[in-house]
Amino acid sequence: MVKCTGPNFVLLTESGSYFVEYLLGELVLSPSISEAWIFNDPEIARKFQNRLFNTFKLYTSVNSFIDIEN
């Protein structure tokens, strides 16, 4: 049986990379959605989106992500 864990969100950059981590002033992006930081609250995702823009002038979009557990 396949179980969906609910609505999740990821941040996608204009270049097609996903937000992975922001630690000690260093930004980590990846082309793989499997490495992306998954948010379960769209408001928190938007706050990170704003932080990335304000800090790095990085444009991102908040995209829904369906996480399927096998």
Side-chain angles (χ1 to χ4, degrees):
M1 174 179 273
V2 176
K3 177 184 176 189
C4 292
T5 61
N8 294 296
F9 306 90
V10 294
L11 297 179
L12 178 65
T13 69
E14 290 181 309
S15 65
S17 295
Y18 294 92
F19 168 70
V20 175
E21 185 175 29
Y22 174 59
L23 183 62
L24 300 174
E26 185 175 330
L27 179 64
V28 179
L29 302 173
S30 173
S32 173
I33 195 168
S34 66
E35 295 181 30
W37 186 327
I38 299 172
F39 300 90
N40 59 11
D41 182 339
E43 190 57 36
I44 294 174
R46 282 192 279 284
K47 286 180 181 180
F48 266 89
Q49 179 185 37
N50 290 334
R51 166 74 59 124
L52 294 175
F53 179 76
N54 291 335
T55 305
F56 298 103
K57 300 302 181 221
L58 181 68
Y59 290 97
T60 60
S61 60
V62 177
N63 295 323
S64 60
F65 173 74
I66 299 173
D67 190 16
I68 299 176
E69 280 184 13
N70 290 321

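Remember, predicted model here, so these are calculated numbers, not experimental data.
Placement of I38 and L12 within a single hydrophobic cluster is found when ILVMFWY residues are connected by side-chain heavy-atom separations under 4.5 Å, directly or transitively. Put simply, L11 and I44 are part of the same group of oily side chains (I, L, V, M, F, W, Y) that touch within less than 4.5 Å, one to the next. A continuous path of hydrophobic side-chain contacts links L29 to L52 [ILVMFWY only; heavy atoms under 4.5 Å].
Checked options F53, Y18, F19; the residue passing with F48 is F19 (criterion: ring pair (Phe, Tyr, Trp, His ring centres under 6.0 Å)).
The structure places CZ of F39 at 9.5 Å from CD of Q49, a figure rounded to the nearest 0.5 Å.
Ring centroid separation for the pair Y22 and W37 does not come in under the 6.0 Å cut-off.
For E14, there are no salt bridge (charged side-chain N to carboxylate O under 4.0 Å, His left out) partners at least two apart in sequence or on another chain.
Within a 6.0 Å sphere centred on CD of E43, heavy atoms belonging to other residues, nucleotides or ligands number more than 12.
Shortest non-hydrogen contact noted between S64 and F9 is CA-CD2, 3.9 Å.
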Ignoring hydrogens and angles, write down the donor-acceptor pairs under 3.5 Å from the side chains of residues 55-62, residues two or more places apart or on other chains.
from: T55; atom 1: OG1; to: R51; atom 2: O; distance (Å): 2.9
from: S61; atom 1: OG; to: N63; atom 2: OD1; distance (Å): 3.4
from: S61; atom 1: OG; to: N63; atom 2: ND2; distance (Å): 3.3

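Looking only at atom types and distance, the side chain of S32 has no donor-acceptor partner in the side chain of S30 under 3.5 Å away.
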